[in-house]
Amino acid sequence: MNAIVLFNKDLRVEDHLPFYQAVKEGFTVLPVYIFNPDDYSNFSEGFPKMGPQKAKFVFESVMDLKMKIEQLGGVLYIETGQVKPCIQQLVEAHNIETIFCTSGVTYDEQLFYRQLEGVTSIKTFENHSLLFSDDLPFPLYKLPKVFTPFRKKVEEKLVIRKPLSIPENISFLHVSATQPDLSFIENLIADPDKRTAFPFQGGATTGLKRLQSYVWETQNIKTYKETRNGLIGADYSSKFSPYLAWGCISARTIYSEIKAFEQQYGANDSTYWLFFELLWRDFFYFDALKKGNAFFRVSHNYIGKVNKGFTMWQTATTKDAFVNAAMREIRATGYMSNRMRQNVASYLIHDLKADWYTGARYFESLLIDYDPASNYGNWTYLAGIGNDPRNNRKFNTQKQADQYDPDGSYRNLWCE
């Protein structure tokens, strides 16, 4: 029996449920990754769907996955093109009975797999969140509208599964393939600015090294809550988010390391707060899963409009030096701190009166840790039209600068 394990935003072999299950069911597996040129085109607003640092991180992550599979004795089949014809050709040529893959949460992600309907049997598995839908203490349709009730109910009956090991006794299907033309990706890639808070390199190898370093070697996890609002440097926050976004490392693996650390050194507010952040990520994930395409159909007036305010924000030419610094950082590195994301989003929405949706798309373009549920969930939250809607989520950026950049070092770092 032959099966495809189709990788997408789950670029790892550790704690990978579809891969594990395919081997467990006795299939000879063909690991596949498809670079779709459509993902590297432009949004209607004119900026790319895949900014240079994001493209770099994805490319490195796929190459790391390729290396990992080769170490296990297999070959990652890499192709470029539309998903359905690529998979159809493999199914017909190699008697593929089943496709194993991670289920999507948002409409676009689910569309990725719906393209394969009718090609052959498909088995999808939750593989991206900390919790599983079946382990929630309520059915998905009863998901609380606000995070705090969600957190309390989940923590009261907490069920988190242990990470899966890499499957043993893997039978790989070896398929010869010509080297795909990846120039459309390689031409996008650029090295980040040397001022970057962290020199991100994609892949499970570096993701697991970062986890080991942050939790065990430096033990910076002990002070996460106190330092998480920092703006400069590698260790003010965990920097796990890109590895989570592209599935280079699983949330369950991170949680397992947190609990192991607490068992050895004791728990504190900071170790809990890292878990707390994983729950926030899950809340947006399940909210998107519950709402489907309606997750993006929130009511506002100017969908996809680029106006003068947005252009000033995008080009870092506003009257606010604090905001400008962050917008230069994201353009140069594909990253900015969570504190600055809230500031610049609030400024675009409430000060410049520009369209939040266009801002969210710009983040989608550039952020190496872009995660659709978290990105759009946070933007609607700040716009007052998402979960726990309020009209007072406006940040005073001058006050924020005084509090988090009192000596101006962040603004000076990113001045031009």
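For the single chain, residues carry numbers from 1 onward in sequence order. Just so you know, these numbers use all the heavy atoms, side chains as well, and skip hydrogens, waters and symmetry mates. As the structure is a prediction and not an experimental result, all values here were calculated from the model.
- Counting only distance, with no hydrogens or angles, the side chain of Thr315 and the backbone of Thr311 share a donor-acceptor pair below 3.5 Å.
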Apply side chain to side chain contact (heavy atoms under 4.5 Å, CB included) to the pair Thr333 and Trp414, showing each step before the final yes or no.
CA-CA 11 Å; Thr333 70; Trp414 291 105; 3.7 Å; yes

Set out, in order, the CA-CA distance, both residues' side-chain angles and the distance that settles side chain to side chain contact (heavy atoms under 4.5 Å, CB included) for Thr102 and Asn8, then state yes or no.
CA-CA 8 Å; Thr102 297; Asn8 184 22; over 6 Å; no

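- A salt bridge links Lys66 with Glu70: the closest approach of a Lys/Arg side-chain nitrogen to an acidic carboxylate oxygen falls below 4.0 angstrom.
- Within the model, atoms NZ of Lys142 and NZ of Lys153 stand 8.5 Å from one another, a figure rounded to the nearest 0.5 Å.
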Can you check ring pair (Phe, Tyr, Trp, His ring centres under 6.0 Å) on Tyr347 and Phe322, steps first, answer last?
CA-CA 10 Å; Tyr347 191 82; Phe322 196 46; over 10 Å; no

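- Within the 3.5 Å criterion, the main-chain N or O of Asp282 finds no donor-acceptor partner in the side chain of Ser129.
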Criterion ring pair (Phe, Tyr, Trp, His ring centres under 6.0 Å) on Tyr214 and Phe240, from CA distance to verdict
CA-CA 9 Å; Tyr214 190 79; Phe240 296 156; 5.7 Å; yes

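- For the pair Asp15 (side chain) and Ser250 (backbone), a donor-acceptor distance under 3.5 Å is absent.
- Counting heavy-atom neighbours within 6.0 Å of Glu168 CD, excluding the residue itself, gives a total of 12 or less.
- Judged purely by atom type and a 3.5 angstrom limit, Asn375 has no side-chain atom pairing as donor or acceptor with the backbone of Trp379.
- A salt bridge does not link Glu364 to Arg361: none of the charged side-chain nitrogens sits closer than 4.0 Å to a carboxylate oxygen.
- Formation of a donor-acceptor pair under 3.5 Å by the Thr380 side chain with backbone atoms of Ile385 is not found in this model.
- Partner of Asp369 under the salt bridge (Lys or Arg N to Asp or Glu O under 4.0 Å) criterion, chosen from Arg341, Lys54, Lys239: Arg341.
- Arg281 places no side-chain N or O within donor-acceptor distance of the main-chain N or O of Ser374, the cut-off being under 3.5 Å.
- In this structure, Phe19 and His16 have perpendicular ring planes: the angle between them is above 60°, well past the 30° mark.
- Put simply, the side chain of Asn220 never gets that close to the backbone of Asp235: no donor and acceptor are under 3.5 Å apart.
- Side-chain N or O atoms of Ser365 include none that pairs as donor or acceptor with a backbone N or O of Phe47 at under 3.5 Å.
- Looking at residues two or more places apart in sequence or on another chain, you find no ring-ring contact (aromatic ring centres under 6.0 Å, His included) involving Phe132.
- A salt bridge between Lys152 and Glu156 is absent, with no side-chain N of the basic residue lying under 4.0 Å from a carboxylate O of the acidic one.
- In the displayed structure, Glu217 atom CD is contacted under 6.0 Å by more than 12 heavy atoms of other residues, nucleotides or ligands.
- The only member of Phe283, Phe147, Tyr255 that meets ring pair (Phe, Tyr, Trp, His ring centres under 6.0 Å) when paired with Phe276 is Phe147.
- Taking the six-membered ring wherever Trp is involved, the centroid distance between the rings of Phe284 and Tyr381 does not fall below 6.0 Å.
- Contact check for Phe363 versus Asn378: no side-chain heavy atoms found under the 4.5 Å cut-off.
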Residues 72-81, side-chain donor-acceptor partners within the protein, below 3.5 Å, at least two apart:
unit_1: Tyr77; atom_1: OH; unit_2: Glu79; atom_2: OE2; d: 3.4

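- Looking only at side-chain heavy atoms (C-beta outward), Val159 and Leu131 stay at 4.5 Å or farther from each other.
- For Asn343 (side chain) and Val323 (main-chain N/O), no donor-acceptor pair under 3.5 Å exists by modelled atom type.
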For a side chain to side chain contact (heavy atoms under 4.5 Å, CB included) check, start with the C-alpha distance between Val32 and Ile87, then their side-chain angles and the critical distance, and finish with the verdict.
CA-CA 9 Å; Val32 175; Ile87 295 298; 4.2 Å; yes

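- Sorted by first then second residue, the side chain to side chain donor-acceptor pair (under 3.5 Å) pairs that include residues 27-39, not counting sequence neighbours, are Thr28-Ser171, Asn36-Gln82, Asp38-Gln82.
- Taking the ring centre of Phe395 as origin, the terminal cationic atom of Lys399 falls outside the region bounded by 6.0 Å and 45° from the ring axis.
- A salt bridge links Asp351 with Lys394: the closest approach of a Lys/Arg side-chain nitrogen to an acidic carboxylate oxygen falls below 4.0 angstrom.
- Ring orientation note: the planes of Trp216 and Tyr265 are tilted relative to one another, at an angle of 30° to 60°.
- Side chain of Lys56 to main chain of Phe200: a donor-acceptor pair is present (N/O by atom type, distance under 3.5 Å, no hydrogens or angles).
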